[in-house]
Engineer: 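Mind looking over this structure? Questions follow.
Numbered from 1 within each chain, the chains take letters A, B, ... in sequence-line order. Note: hydrogens, waters and symmetry copies are ignored here, and every other heavy atom, side chains too, is used.
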2 protein chains.
Amino acid sequence: MSRNSTTGNMLDKAALILDAYHPSGGELRLSELVARTGLSKTTAFRLAGNLVRLGFLEHAGEHYRLGNHLFELGSLVSRRLDLRETALPFLQDLYESTRQTVHFGVRDGFDVVYVERIHGHDSLALPSRIGGRLPLSCTAIGKALLAFCKEETCDLDTRELPRLTPYSITDPVALRTALEQVQVSGLAYEEQEAAVGVSCIAAPVFAGATVVAALSVAVRQQQFRPAHLAPAVRTAALGLSRALRNGVTSA
Amino acid sequence: MSRNSTTGNMLDKAALILDAYHPSGGELRLSELVARTGLSKTTAFRLAGNLVRLGFLEHAGEHYRLGNHLFELGSLVSRRLDLRETALPFLQDLYESTRQTVHFGVRDGFDVVYVERIHGHDSLALPSRIGGRLPLSCTAIGKALLAFCKEETCDLDTRELPRLTPYSITDPVALRTALEQVQVSGLAYEEQEAAVGVSCIAAPVFAGATVVAALSVAVRQQQFRPAHLAPAVRTAALGLSRALRNGVTSA
DNA sequence: TCGTGCTGTTCCGTGACATGGAACGAACTT
DNA sequence: AAGTTCGTTCCATGTCACGGAACAGCACGA
């Protein structure tokens with residue numbers, strides 16, 4: 001018996017293998033899978049074989065990589081699908097009027113998950129990535145989502161606020177007052193709180209009365225002119241919110 | 001014993017559940033899952049519970065939907081990740097210069113899988129979708145991929161060519177000659193072969209000497225002016241190919 | 001107020017099958 | 001040649017996934 005606390009069933013082990021890829025993509029050898037998952041060599045081998053057969057993994061020579069099927073399934077996640085489709089034109093508008101990196105994300109737990117991210121040739125060195133997640137408190141999008149979440153699912157005071165840069169807000173009261181300013185202005189700001197040298201301005205996106213997402217523009221700190229960006233961000237968010245209200249919002 | 005030919009193991013059944021969502025996303029009730037998968041009610045219930053616990057499924061009231069975790073994993077599929085990131089700026093350029101729907105796809109088997117698709121407010125009614133797949137023979141991107149696949153993994157003659165519209169090419173020899181024209185011109189065309197009223201022009205993207213993807217522009221049939229679009233498509237593809245050659249191609 | 005049909009859920013005995021240790025072959029370093 | 005470390009195969013053991021049956025909640029209509 002490997003002293004793994006809860007050994008779990010076959011599915012759990014398969015998920016362990018898939019989650020071994022979290023760090024930064026790439027490819028993994030069988031032995032690396034064994035090391036990261038704690039599974040026995042035999043089990044990892046058999047499970048990986050099964051995952052390959054199902055298309056969740058691909059077996060390239062000595063290496064395993066995440067498979068096509070995952071990409072296809074991931075693209076079907078319903079809320080994301082509809083949201084992205086209707087949001088894209090507005091994000092394009094925003095990009096064209098600012099020519100800066102544009103983000104679009106939704107909330108999941110106490111993170112923002114990025115659904116879309118468009119940029120030109122001069123992409124910033126950002127920790128954000130489509131499908132990636134960052135703490136709500138460290139991003140403009142996160143603040144926009146937090147400030148307008150009606151239900152009090154925001155027990156911020158009980159949580160330890162993470163720190164990504166020296167500028168990250170870690171004091172709950174400081175965050176509270178920042179959120180109040182977001183509520184009155186309808187815009188959320190973030191200055192080097194997620195990555196040094198990068199600042200953001202974000203606006204919430206509503207479907208009816210509830211926030212479902214937020215969009216933002218990220219620029220280099222030295223070029224950060226909120227007054228220049230604010231109108232474009234606001235109009236994009238409003239336009240998208242209107243489209244969502246009129247559109248066929250199934251759920 | 002359910003007369004299911006190969007009963008399969010637990011993983012297969014989990015994959016059955018996930019694949020039940022293929023058609024057009026949305027949400028499914030437990031009974032619908034049972035109907036689509038052929039699993040017993042008990043098994044489906046237990047597996048769905050496991051999948052929910054792992055984040056592959058979400059349980060919203062009476063319904064199950066594909067979960068966040070799938071989206072995140074799908075975004076990690078390595079080749080897609082790098083490819084999309086470097087391709088995006090060039091796709092943006094292409095969109096801005098044409099203001100038409102831009103597609104970006106890779107090959108998988110005898111389908112093209114769409115990695116990116118950007119458009120403005122006037123989106124066409126297209127069967128393409130990010131993460132979705134269409135037959136190679138019915139799309140401009142597919143022809144571009146086929147024409148330059150060096151290895152003879154293209155046993156076109158043995159395959160039945162699918163038909164999406166009355167204009168789809170179903171004759172292997174007709175396809176052959178079309179592909180030869182693609183090889184000499186470096187551009188692939190498609191007129192209403194995937195969707196009535198829509199035509200495309202595509203160009204292959206190379207990493208070194210092998211095609212890795214293709215990009216295209218889709219326009220309404222009545223506006224289809226290949227000569228207008230060709231230069232933009234070609235330059236985008238060449239620029240991206242150059243970026244891929246220079247870029248940090250890990251694998 | 002009962003039926004009747006549909007749901008989603010729990011329980012449990014049984015046996016198929018996932019499991020991990022051991023052994024094997026290959027490739028590579030010492 | 002002896003030592004790695006890798007991927008792969010084999011097999012006896014016992015766990016755990018299985019599905020039938022029974023239960024529970026709900027919406028019907030009689």
Side-chain angles (χ1 to χ4, degrees), chain A residues 1-21 23 25-67 69-70 78 250-251, chain B residues 1-21 23 25-67 69-70 78 250-251:
Chain A
M1 170 197 312
S2 62
R3 108 252 336 258
N4 243 332
S5 53
T6 49
T7 319
N9 59 24
M10 195 174 165
L11 259 180
D12 290 278
K13 300 178 185 174
L16 270 180
I17 290 184
L18 264 40
D19 289 341
Y21 286 87
E27 312 193 330
L28 294 179
R29 317 188 47 159
L30 180 60
S31 50
E32 299 176 285
L33 283 178
V34 170
R36 294 198 189 189
T37 58
L39 300 174
S40 82
K41 194 168 45 165
T42 313
T43 304
F45 174 67
R46 188 168 11 88
L47 279 179
N50 281 329
L51 290 171
V52 167
R53 181 171 44 81
L54 294 171
F56 291 105
L57 236 48
E58 288 176 7
H59 189 38
E62 297 281 273
H63 297 271
Y64 290 93
R65 70 165 79 99
L66 295 177
H69 206 57
L70 275 179
S78 51
S250 54
Chain B
M1 173 196 309
S2 63
R3 107 255 332 262
N4 243 333
S5 53
T6 48
T7 319
N9 60 25
M10 195 173 165
L11 261 179
D12 290 281
K13 300 178 186 174
L16 271 180
I17 291 185
L18 264 39
D19 289 340
Y21 286 86
E27 312 194 329
L28 294 179
R29 316 188 48 163
L30 180 60
S31 50
E32 297 175 286
L33 283 177
V34 171
R36 295 197 188 191
T37 58
L39 300 174
S40 81
K41 195 168 44 164
T42 312
T43 303
F45 173 67
R46 188 166 12 87
L47 279 179
N50 281 330
L51 289 172
V52 167
R53 181 171 45 81
L54 295 171
F56 291 105
L57 236 48
E58 288 176 7
H59 190 38
E62 297 279 275
H63 297 272
Y64 290 94
R65 69 164 80 99
L66 295 178
H69 206 57
L70 276 179
S78 51
S250 53

Engineer: Can you tell me the pairing partner of D:dG7 across any strand shown, Watson-Crick or G-U wobble, with both distances under 3.5 angstrom?
Structural biologist: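 Answer to the pairing question: C:dC24, which forms a Watson-Crick or G-U pair with D:dG7.
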
Engineer: Could you tell me if the side chain of A:M10 sits less than 4.5 Å from the side chain of B:N9, heavy atoms only?
Structural biologist: yes

Engineer: On DNA chain C, check which nucleotide each of B:T42 and B:R29 is closest to and give me the residue with the more 5' one.
Structural biologist: B:R29

Engineer: If you take all heavy atoms of A:A60 and A:R65, which pair is closest and at what distance?
Structural biologist: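 Looking at all heavy atoms of both residues, the shortest contact is CB-NH2, 3.6 Å.
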
Engineer: Which whole-number value in Å describes the distance from A:E27 CD to D:dC6 P?
Structural biologist: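 A:E27 atom CD is separated from D:dC6 atom P by 17 Å.
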
Engineer: Between P on C:dC17 and CG on B:L11, what's the gap in Å once rounded to a whole number?
Structural biologist: 14 Å

Engineer: Just one of A:I17, A:V52, A:L51 clears the side-chain contact (heavy atoms from CB on, under 4.5 Å) bar with A:Y64, so which one?
Structural biologist: A:V52

Engineer: When all nucleic acid strands are considered with a 4.0 Å heavy-atom cut-off, which category describes A:R46: base, sugar-phosphate, or nothing?
Structural biologist: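 The answer is base, as A:R46 lies within the cut-off (heavy atoms under 4.0 Å) of a base atom.
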
Engineer: Choose from C:dT19, D:dC18, D:dT8 the nucleotide whose nearest atom is closest to any side-chain atom of A:K41.
Structural biologist: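 Among the listed nucleotides, the one closest to the side chain of A:K41 is D:dT8.
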
Engineer: What's the closest nucleotide to the side chain of B:F45 if the choices are C:dT10, D:dG19, D:dT8?
Structural biologist: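 From the listed options, C:dT10 comes nearest.
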
Engineer: Answer with base, sugar-phosphate or nothing: what part of the nucleic acid does B:S31 contact at a heavy-atom distance below 4.0 Å?
Structural biologist: sugar-phosphate

Engineer: Between A:T37 and A:L33, is there a donor-acceptor pair closer than 3.5 Å when you use the side chain of the first and the backbone of the second?
Structural biologist: yes

Engineer: Once you round it to whole Å, what is the distance between C1' of C:dG20 and CG of A:L39?
Structural biologist: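 Computing the A:L39:CG to C:dG20:C1' distance gives 11 Å.
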
Engineer: Rounded to whole Å, please give me the gap between CG in B:L47 and C1' in C:dT9.
Structural biologist: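 So the CG-C1' distance, B:L47 to C:dT9, works out to 15 Å.
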
Engineer: From CG of A:L33 over to C1' of C:dG20, roughly how many Å is that when rounded to an integer?
Structural biologist: 17 Å

Engineer: Rounded to the nearest Å, what distance is computed from the CG atom of residue A:L30 to the P atom of nucleotide C:dG25?
Structural biologist: 19 Å

Engineer: In whole angstrom, give the distance that lies between atom CE of A:M10 and atom P of C:dG20.
Structural biologist: 12 Å

Engineer: With respect to the phosphate group of D:dG19, does any side-chain polar atom (N or O) of B:S40 fall under 4.0 Å of OP1 or OP2?
Structural biologist: yes

Engineer: In Å, rounded to the nearest 0.5 Å, how long is the span from CG of B:L18 to NZ of B:K13?
Structural biologist: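 So the CG of B:L18 and the NZ of B:K13 are separated by 15.5 Å.
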
Engineer: For the pair made of CG in B:L51 and C1' in D:dA17, what is the distance, rounded to whole Å?
Structural biologist: 14 Å

